[in-house]
Each structure stands twice: as C-alpha cells, then as structure tokens.
Participant: 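The structure that follows is given in the form of structure tokens.
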Amino acid sequence: MRNQGDFAARLLGWYDAHARALPWRVPPGSDRCADPYAVWLSEVMLQQTTVSAVIPYFARFMARWPTVHRLADAPDEAVMAAWAGLGYYARARNLLACARVVSRELDGRFPGTEAELRRLPGIGPYTAAAISAIAFGARANVVDGNVERVIARHARITAPLPGAKRAIAAEAGRRLPAARCGDYAQALMDLGALVCTPAAPRCGACPVAADCAAHAAGDAAALPARTRKP
DNA sequence: CTCCTGTCCT
DNA sequence: AGGACAGGAG
Ligand code: SF4
C-alpha cells in the first residue's frame, strides 16, 4: 500500500477542521497556493523562532516590503533593524541576499522546484521542500523537526536521530498524498505542533492514532530517540 | 559529519 | 547561568 492506510486523507480531514489560521497561509482546500514570497519569508523566520514570535515580525515585514522586489531594494540597515530581536543575524543577511537574487536575476519569481530553491542563500533542504509544496503545490517530502517526531512515532522508528533521518524521511515519503500537497505539509507540521507534541502527545485527539505504532506500543513520548552528544 | 547562531526556558 | 533548540553552512 503506497498510501499507508489513508494516513494523508485522515490528516487532511483533521486539518480542514483544525488548521491554524496563520498570516502567511491560505485556508485549507484553497484552489490557489500561498504567495511564494510570504511563504519564504515566514519559513526563514520560522527556522529559528516560534510561530507566536514570528507573527508580529512577519506582519511588519509584509507591510513595509510587500514584494520581494521591495525587500531586495531595501537598505541593509533597514532590514537588519527590522530583524532585531529575532536573532541569528546571519540569516537576515542570507534573507536579503536571497531576495536580491530572486528580484534581480529571476525577475522576482521564486523557483518552484526543490533543487532550484536549494541553491538560494539561506534555503536548505527543509525550506526548499516547504516552499515548493506550500507555494507551488509540488509533491515534496517536507520533513522538519515536527514531522520527524510524528513520523518516527507513527512508524515507530526507534533508531536515534540524527542517524535515523533517512529512514524517517523514507517513511514520510510513503505517506504523501497525490494532491493537496501544500495543505498536507502544513497539516503534518500542525499535528506535530498541536497534537503530537514532544513530551505529552495528545493521542486521544489524533487523527492517525488508530494505526500509530508508537501509540500502540506505549512509547510515543520517548520518540524520536536521539544520540547523546557530549 | 561538525559547527554555529541567540532567544527562550528552566 | 546554563542548556535546549533547529535549521543551514562548511
Ligand atoms: S497517536 Fe499519538 S504518538 Fe501517534 S502520531 Fe498521533 S499524537 Fe503522535
């Protein structure tokens, strides 16, 4: 079975009812995709901070620089000042560098494929997949920390991260839907943020609990395992 | 793979 | 005050 018992269908059904309304999102089931610029900006900000912290910064950036051209033309100091408080200032520099490439070399159009997105400054594997799925509807395997947790539990992958990354991504890939790929990516991340939380997953409210292997085994809270660093 | 960032949390 | 976090870069 390629579709893992309609995992995606159940998750999308849950998302239709429980999606967080976030400023950079379109509502579940929209026929249009979200604005690539807004998706990119939010994802870069979200790389380092929580949703609640990002919301006001995102609003200020979008109000002041509503398009990638406007951001690209902003002075460095203005962008750095607007970024102040978010931390990771190297990422703000990458943000600006990326905006300038897209604005000046790509006519202001973000590429739609992961491979092309990956080449832009500040866009790594996760962000490339997220933008291509959410803003372009591509069937990309979007795997961030939240998704790793959900999938490690649902498939009960007990091998520790980061070594288990590939195995987890492979299991995630088996669960991808044929359509609504952007909604699906966000549904999985919302599930990780709202239900399949790190310490105390709320399996009673989970749309995929019926075939969740870790829930059945009773060790969901212990997954994903991680190799101790020191 | 290791290193790195700064804010948030404890 | 110290560590956790979470992605990207090298
Ligand atoms: S059943 Fe529990 S552990 Fe499994 S995916 Fe749902 S919330 Fe996570």
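Naming convention: chains lettered A, B, ... in sequence-line order (proteins, then strands); numbering from 1 in each chain. Computed over heavy atoms, backbone and side chain alike; hydrogens, waters and symmetry mates excluded.
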Participant: Please report the distance, rounded to the nearest Å, between CZ in A/Arg118 and C1' in C/dG8.
Facilitator: 8 Å

Participant: May I ask you to evaluate whether A/Thr127 reaches the phosphate of C/dG8, defined as a side-chain N or O under 4.0 Å from OP1 or OP2?
Facilitator: yes

Participant: Does any non-hydrogen side-chain atom of A/Glu43 lie less than 4.5 Å from one of A/Ile134?
Facilitator: yes

Participant: For the pair made of CG in A/Leu161 and P in C/dA4, what is the distance, rounded to whole Å?
Facilitator: 16 Å

Participant: How are the rings of A/His154 and A/Phe7 set relative to one another: parallel (under 30°), tilted (30 to 60°) or perpendicular (over 60°)?
Facilitator: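 The arrangement is perpendicular - the two ring planes meet at more than 60°.
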
Participant: May I ask you to decide whether A/Arg149 forms a salt bridge with A/Asp144, counting only side-chain N to carboxylate O separations under 4.0 Å?
Facilitator: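 Between A/Asp144 and A/Arg149 there is no salt bridge, as every charged N stays at least 4.0 Å from the carboxylate O atoms.
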
Participant: Rounded to the nearest Å, what distance is computed from the CE atom of residue A/Met189 to the C1' atom of nucleotide C/dA6?
Facilitator: 14 Å

Participant: Taking atom C1' of C/dG7 as reference, at what distance in whole Å does atom CG of A/Leu117 sit?
Facilitator: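 It is 16 Å, rounded to the nearest whole Å.
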
Participant: What is the nucleic acid contact for A/Gln47, judged by heavy atoms within less than 4.0 Å: base, sugar-phosphate only, or nothing?
Facilitator: sugar-phosphate

Participant: Regarding A/Ile123, tell me which of base, sugar-phosphate or nothing describes its non-hydrogen contacts under 4.0 Å with the strands shown.
Facilitator: sugar-phosphate

Participant: Assess whether a salt bridge exists between A/Arg25 and A/Asp190, defined as any Lys/Arg side-chain N lying under 4.0 Å from an Asp/Glu carboxylate O.
Facilitator: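 The answer is yes: the pair qualifies as a salt bridge.
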
Participant: For A/Glu148 and C/dC5, what is the distance between atoms CD and P respectively, to the nearest whole Å?
Facilitator: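 My rounded result for the distance is 13 Å.
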
Participant: Indicate yes or no: does A/Arg93 engage A/Asp76 in a salt bridge with an N to O separation below 4.0 Å.
Facilitator: yes

Participant: Just to be sure I understand the geometry, which residues of residues 87-96 of chain A put a non-hydrogen atom under 4.0 Å away from DNA chain B?
Facilitator: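 Residues of residues 87-96 of chain A that come under 4.0 Å of DNA chain B are, in numerical order, A/Gly87, A/Tyr88, A/Tyr89.
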
Participant: Donor-acceptor pairs under 3.5 angstrom involving side-chain atoms of residues 61-71 of chain A: please list them, not counting sequence neighbours.
Facilitator:
| unit_1 | atom_1 | unit_2 | atom_2 | d |
| --- | --- | --- | --- | --- |
| A/Thr67 | OG1 | A/His69 | N | 3.4 |
| A/Thr67 | OG1 | A/Arg70 | N | 3.2 |
| A/His69 | ND1 | A/Ser103 | OG | 2.7 |

Participant: Can you tell me how far P of B/dT7 sits from OH of A/Tyr57, to the nearest Å?
Facilitator: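 One finds 9 Å between P of B/dT7 and OH of A/Tyr57, rounded.
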
Participant: Ring centres of A/Trp83 and A/Tyr57 under 6.0 Å apart?
Facilitator: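 Between A/Tyr57 and A/Trp83, which both carry aromatic rings, the centre distance is not below 6.0 Å.
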
Participant: Rounded to the nearest Å, what distance is computed from the CD atom of residue A/Gln48 to the P atom of nucleotide C/dA9?
Facilitator: 13 Å

Participant: Between C/dG7 atom C1' and A/Met45 atom CE, what is the distance in whole Å?
Facilitator: 16 Å

